[in-house]
2 protein chains.
Amino acid sequence: MQHLLSPKQVANAIGASESSLKRWCDQGLLTTVKTAGGHRRIPVQEALRFVREHNHAVVEPHILGMSATDDRKGRRIEGCAERLATALLTNNEQACQAIVFDLFLAGQPVSQIFDEVIAVAFRTIGEKWKCHEADIYEERCSCQIALRILHELRSKQTPPNSGLVALGATIEGDQYALPVTMSEIVLREVGWDARLLGSSIPFDSMANAIQQIEPRMLWLSISFISDESAFIAGFNRLFETASKTNTAVVVGGRALTTEIRARLHYSAFCDTMRHLEEFAKTLRRQAEIAPTKTRKPRKNA
Amino acid sequence: MQHLLSPKQVANAIGASESSLKRWCDQGLLTTVKTAGGHRRIPVQEALRFVREHNHAVVEPHILGMSATDDRKGRRIEGCAERLATALLTNNEQACQAIVFDLFLAGQPVSQIFDEVIAVAFRTIGEKWKCHEADIYEERCSCQIALRILHELRSKQTPPNSGLVALGATIEGDQYALPVTMSEIVLREVGWDARLLGSSIPFDSMANAIQQIEPRMLWLSISFISDESAFIAGFNRLFETASKTNTAVVVGGRALTTEIRARLHYSAFCDTMRHLEEFAKTLRRQAEIAPTKTRKPRKNA
DNA sequence: GTCGACTCGGGTAATTCGGGTC
DNA sequence: AATGTCCGAATTACCCGAGTCG
């Protein structure tokens, strides 16, 4: 798949005429790059952003590198979670992809797709597992499929260039890669330069990362805690380090019960991807007003 | 480190055709140096100036960037491991992707790319970590980048339709997703319908998977063993189960020492991806001659 | 000196430009 | 007001045999 598309390709992809597309480009609805001879070239990510923001139909998704189906029922979020759960458990990767990509192309915010479709589907699978209706390997295999879809989704985002760096990780012993990967995509969606360090990162190494990279935000997805008191101690130490570099610490995840949260220090707790998105937006606005270089809090800018 | 680029390199870098670039050179939009034989050579800074002036999107920044790899070097496998290691540690995802995809598009077998570039790069990173020249989070972050590249590579493969199913997994406690993901791609490359179950799968669940799916092959990548005797017992029990459904059991991974291997029963041990590829090819040929439906071993077909 | 990959020049077909009109 | 179609001129992409590079 090529990265730069001609107006004709994009026009075919969304089923519009070539000159409409040219007009939209000239109106600034689509940002284009130009060849030396003055021909317009449109980056795929830009084309995707356009169809998502303008609720445009996609006739030929493969041109945009998305093998979706674009049937009407795929555009509503209701029922998708159930369909996704069965598609995952029957190992039907293409169907899974189509469900997610259809919603994405229809302009559904990624945070909502994650909260209301993917998370729900995995909750369903988790319950089936508890009732012995699904095996562990089926759940893990579903995670693999979902992870591949998330990576593909990520590759369709416009690369971040805000300079607002956020670091993400799961704590040592926590191997649930899905939530933290979803967070990365959500943060990138709202303009953060989110860098996922990975799963099972020791607190000491996170502290090193903070000191070396000096991000504006650190987000941790906590799905599993092996040693509660060690976790609380390690986390609060990490929060100290983060405070020194003025790094916001955001936490989330199903392992964080009210009791545990009561003993933690953090900048924000997010129950859902939507919460994370909203907090990230707010923090971003704040950070853009504040000075970016010195990181020392000044009164005004 | 040369600072002269060929027209083809620049054309690839900015996503234009070679002949367009030649035209632009002849029009004087790009000043070129000529070789004795009359071939155009473009200085890097000249290419960068051209990109900036025309607001051109840079598709492959690494070509114009620091490394200035010339095509011949980029397509040969020598030196790629070192370049990949530095690109991974500097978090330069685009460069990493370019290194791997250049080799892939040049027709290098994936098994060789994995053995001689990716594996070597991670060995380098691992050594740096031991010498305290790299932190854990850098290694994990590199794994994330590599995993995304592997997934992208996988999405470029033609979907398997041979009906020859292979299952892959890592054992409980083993979180190294990279080797097992590479194996999946290698197996798919040689026509197997390889299904990666995931990381850290208990032996019991693998046994269930074998009985329910009845694959022709089960491959396990063993990078880490927490409890040696439990592993040996569990593995040999799994081999029993696999024998009943006539499933070949293939193992590999750096945790399998000669001593441990001596106490295991398996169909094949593969040191490298290349070995795995060759074994998979052989087994496939054999399986295609043998009856596929009944799975009962008959004398001839 | 051989060799494979690359580049040259130039020709041709297809696409895109901008603008005017429906 | 917005879209789709048509136009001549300009631009780009693809192709090929001969020569060059490393």
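Below, read A as the first sequence line, B as the second, and so on, with proteins coming before strands; counting in each chain starts at 1.
- Atom CG of B:Leu29 is separated from atom C1' of D:dT11 by 12 Å (rounded to the nearest Å).
- One atom, CZ of A:Arg40, and another, C1' of C:dG19, lie 12 Å apart when rounded to the nearest Å.
- Distance CD (A:Gln9) to P (C:dA14): 16 Å, rounded to an integer number of Å.
- The distance between atom CG of B:Leu4 and atom P of C:dC6, rounded to the nearest whole Å, is 18 Å.
- Near DNA chain D, defined here as any heavy-atom distance below 4.0 Å, the residues from residues 16-25 of chain A are A:Ser17, A:Ser19, A:Ser20, A:Arg23, A:Trp24, listed numerically.
- A centroid separation of less than 6.0 Å is found between the aromatic rings of A:His54 and A:Phe50.
- Counting only residues at least two apart or in different chains, salt bridge (Lys or Arg N to Asp or Glu O under 4.0 Å) contacts with residues 52-64 of chain A comprise A:Arg49-A:Glu53, A:Arg52-A:Glu189.
- Under the salt bridge (Lys or Arg N to Asp or Glu O under 4.0 Å) criterion, B:Asp271 pairs with no residue at all, not counting sequence neighbours.
- Partners of B:Ser17 by side-chain hydrogen bond (donor to acceptor under 3.5 Å, both in side chains), not counting sequence neighbours, listed by chain and number: B:Ser19, B:Ser20.
- Counting heavy atoms from C-beta on, the side chains of A:Leu147 and A:Thr181 come closer than 4.5 Å.
- What separates CG of A:Leu5 from P of C:dT15 is a distance of 15 Å, to the nearest Å.
- Listed by residue number, the members of residues 45-54 of chain A with any heavy atom below 4.0 angstrom from DNA chain C form an empty set.
- Salt bridge annotation for B:Glu127-B:Arg123: absent, with no cationic side-chain nitrogen under 4.0 angstrom from a carboxylate oxygen.
- Applying the salt bridge (Lys or Arg N to Asp or Glu O under 4.0 Å) test to every pair with at least one member in residues 24-34 of chain B, sequence neighbours left out, gives these pairs: B:Asp26-B:Arg40.
- Side-chain contact check for A:Glu277 and A:Ser111: at least one donor-acceptor pair (N or O, by modelled atom type) lies under 3.5 Å.
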Identify the pairs formed between an N or O of the protein and an N or O of nucleotides 18-20 of chain D at a distance under 3.5 Å, and give each distance.
none

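- The side-chain hydrogen bond (donor to acceptor under 3.5 Å, both in side chains) check on B:Thr32 picks up nothing, with sequence neighbours excluded.
- What separates NZ of B:Lys34 from C1' of C:dC6 is a distance of 15 Å, to the nearest Å.
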- Item | Bracket string, DNA chain C, 5' to 3' - pairs by Watson-Crick or G-U geometry under 3.5 Å, | interstrand | ..|||||||||||||||||...

- Item | Derivation of the salt bridge (charged side-chain N to carboxylate O under 4.0 Å, His left out) call for B:Glu18 and B:Lys22 | CA-CA 6 Å; B:Glu18 207 177 318; B:Lys22 289 195 288 187; 5.3 Å; no

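- Taking atom CG of B:Asn12 as the reference point, atom P of C:dA5 lies 16 Å away to the nearest angstrom.
- Between the C1' atom of D:dC21 and the CZ atom of B:Arg41 lies a distance of 7 Å, rounded to the nearest Å.
- Annotation: side chain to side chain contact (heavy atoms under 4.5 Å, CB included) contacts of B:Thr86 (sequence neighbours excluded): none.
- A:Glu82 meets the salt bridge (Lys or Arg N to Asp or Glu O under 4.0 Å) test with no other residue; sequence neighbours excluded.
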- Evaluate side chain to side chain contact (heavy atoms under 4.5 Å, CB included) for A:Asp193 paired with A:Leu164, printing each intermediate quantity in order. CA-CA 5 Å; A:Asp193 184 357; A:Leu164 275 173; 5.6 Å; no

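- Considering only residues two or more places apart in sequence or on other chains, A:Glu93 meets the salt bridge (Lys or Arg N to Asp or Glu O under 4.0 Å) condition with A:Arg148, B:Arg154.
- Here A:Ser6 reaches the OP1 or OP2 of C:dT16: one of its side-chain N or O atoms lies under 4.0 Å away.
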